[in-house]
Amino acid sequence: MTDVTVEFMGGPLDGTTGSVRATRTGRPPDRFAVDTSAEGGATRGKHDYRVGAEPQAGMPWRYEYNGVRPG
């Protein structure tokens, strides 16, 4: 398996980069979720990111913030 570099736009990960496991097509997964935590450690939902358009040469893929979803 191959990892791809991604950049996060918006939400709690705004401006950070990281690596995610690529799908068979070489793209990152369509969605990426980060747990939200309430006081006491209870999870109330997930910060939802969706992959953007294919990047220009030499640029990382981008995940764009899509808000919080239940879960």
Side-chain angles (χ1 to χ4, degrees):
M1 285 265 155
T2 303
D3 287 349
V4 292
T5 301
V6 296
E7 180 179 12
F8 294 91
M9 305 300 292
L13 299 178
D14 187 39
T16 63
T17 58
S19 294
V20 296
R21 188 76 58 190
T23 63
R24 292 181 185 181
T25 63
R27 293 175 47 104
D30 290 337
R31 292 175 81 171
F32 185 86
V34 179
D35 288 337
T36 61
S37 294
E39 204 169 299
T43 301
R44 289 191 170 176
K46 296 185 181 292
H47 292 286
D48 189 36
Y49 288 87
R50 296 195 184 199
V51 74
E54 193 164 334
Q56 296 179 2
M59 299 298 290
W61 285 89
R62 284 189 172 174
Y63 273 113
E64 298 169 357
Y65 189 62
N66 198 45
V68 176
R69 63 180 165 99

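Just so it is clear, the model here is predicted, and its values are computed rather than measured.
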Grab the two heavy atoms, one from Pro55 and one from Pro60, that are nearest each other, plus how far apart they are. CB-O, 3.4 Å
When rounded to the nearest 0.5 Å, the distance separating CZ of Arg27 from CH2 of Trp61 is 4.0 Å
When rounded to the nearest 0.5 angstrom, what distance separates CZ in Arg62 from CE in Met9? 4.0 Å
Phe8 ring center within less than 6.0 Å of Tyr65 ring center: no
Approximate separation, where rounding is to 0.5 Å, of Arg69 CZ and Arg31 CZ: 4.0 Å
Least distance between heavy atoms, Val4 atom then Pro28 atom: CG2-CB, 3.9 Å
Output the distance between atom NE2 (His47) and atom CG (Leu13), rounded to the nearest 0.5 Å. 8.0 Å
Mind checking whether Asn66 and Tyr49 have side chains closer than 4.5 Å, heavy atoms only? no
Is any NZ, NE, NH1 or NH2 atom of the basic residue among Asp30 and Arg50 found under 4.0 Å from an Asp or Glu carboxylate oxygen of the other? no
Just wondering, do Val68 and Asp48 contact through their side chains at under 4.5 Å, heavy atoms? no
Non-hydrogen atoms of Val20 and Phe32 that approach each other most closely: CG1-CE1, 3.9 Å
Exercise: identify the closest heavy-atom pair between Ala33 and Lys46: CB-CD, 3.8 Å
Any side-chain to backbone donor/acceptor pair from Ser19 onto Thr5? Under 3.5 Å, distance only. no
